[in-house]
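Since we're looking at a predicted model, the values are computed, not measured.
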Number of protein chains: 2
Amino acid sequence: MKKTYLGEFEEVVLTMVGVIGEGAYGNRIVEEVEKQLNRSVNLSAVHITLYRLEDKGLVSSDMGGVTSSRGGRRKRFFKITNPGLAMLKDLQEQRTKLWKLIPGMNSSAL
Amino acid sequence: MKKTYLGEFEEVVLTMVGVIGEGAYGNRIVEEVEKQLNRSVNLSAVHITLYRLEDKGLVSSDMGGVTSSRGGRRKRFFKITNPGLAMLKDLQEQRTKLWKLIPGMNSSAL
DNA sequence: TCTCATTTCTCTACAGTGTAAAGAATCTCT
DNA sequence: AGAGATTCTTTACACTGTAGAGAAATGAGA
């Protein structure tokens, strides 16, 4: 649990963990980012970012069971914490407020 | 004009330039950030960020006239460009879409 | 006009974040 | 037990966040 500041990609990953809900882990998050944002990302970029989020207390993790149908290392599952959700809400509130003050921004898009 | 990626503080500054509209310059932006986000920022942090935004073509700048009532160096005024506004719109659209997918997020806050 | 105080911009520096690549660990199947 | 598959972990470096020092330009007063 370090600073409370959140970088751009950290916010993306945190958001995806929230969107996925149960069963969020490395490759699943990569797929979700590519599907939702149409943006290619690296698996280890996601992992290192998840660790940083965990250091900040915004996500928590535990190792999954040995239920894999196919071979491979055990998955580490992540889920968003209450502070993590609160941070997303703060960002949401902050931005919606500001967007309404910018001429040329379409408020009805909200 | 370099990459198109936008960091967290870069987005804040870009947004403020959009909010202020006419007459956005260093100290004015500092004040606006502290007022809107209740967050203390350094003047040179704002400046270096403005230059990076200008490199990316998201804001443009020109020097102000000699109309200062009190002494001091001339101001450099910044304004948001069309690509800059388009980027904010993209971010807005992207996030509102994702927020609606997260259980526990209040969509009515939008 | 010269110096001073004021205001703002510019440069330098370093920690934090974004991203990729290489490698280690652990599982299933034969 | 060995081979292949899948995922996690470590290492590394460019980009972004932030602060501090200092240079430049303007108005006021001696």
For the side chain of [X], starting at C-beta, report the closest nucleotide among [options].
X: B/F9; options: C/dT17, D/dG17, C/dT19; answer: D/dG17
X: A/S44; options: D/dT10, D/dA23, C/dT26; answer: D/dT10
X: B/T49; options: D/dT18, C/dA20, D/dA19; answer: D/dT18
X: B/H47; options: C/dT10, D/dG17, D/dT7; answer: C/dT10
X: A/R73; options: D/dT9, C/dG18, D/dT18; answer: D/dT9

Check whether any side-chain nitrogen or oxygen of [X] sits under 4.0 Å from OP1 or OP2 of [N], and answer yes or no.
X: A/R28; N: D/dT6; answer: no
X: A/K75; N: D/dA5; answer: no
X: A/N42; N: C/dT19; answer: no
X: B/Y25; N: C/dC9; answer: no
X: A/Y51; N: D/dT9; answer: yes
X: A/R74; N: D/dT9; answer: no

Could you state the [atom1]-[atom2] distance from [X] to [N], rounded to the nearest angstrom?
X: B/M16; N: D/dG17; atom1: CE; atom2: P; answer: 14 Å
X: A/L6; N: C/dG16; atom1: CG; atom2: C1'; answer: 12 Å
X: B/E8; N: C/dA15; atom1: CD; atom2: C1'; answer: 16 Å
X: B/E10; N: D/dC15; atom1: CD; atom2: P; answer: 12 Å
X: A/Y5; N: D/dT16; atom1: OH; atom2: P; answer: 11 Å

Does any donor atom in the side chain of A/E54 or A/S61 lie under 3.5 Å from an acceptor atom in the other side chain? yes
Test item: A/V59 and A/K79 side chains (from C-beta on) under 4.5 Å apart, heavy atoms: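 Heavy-atom side-chain distance check fails, nothing below 4.5 Å.
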Beyond-backbone contact of B/L6 with B/L91, side-chain heavy atoms, under 4.5 angstrom: yes
Where does the angle between the aromatic ring planes of B/F78 and B/Y51 fall among parallel (under 30°), tilted (30 to 60°) and perpendicular (over 60°)? tilted
Looking only at N and O atoms, is any donor in the side chain of A/R76 or the base of D/dC8 less than 3.5 Å from an acceptor on the other one? no
How about A/E93: does its CD atom have over 12 heavy atoms from other parts shown lying under 6.0 Å from it?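 No, CD of A/E93 has 12 or fewer neighbouring heavy atoms, counting only those of other groups under 6.0 Å.
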Please figure out whether B/R52 or B/L43 has its closest DNA chain C nucleotide nearer the 5' end.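 The residue mapped nearer the 5' terminus is B/L43.
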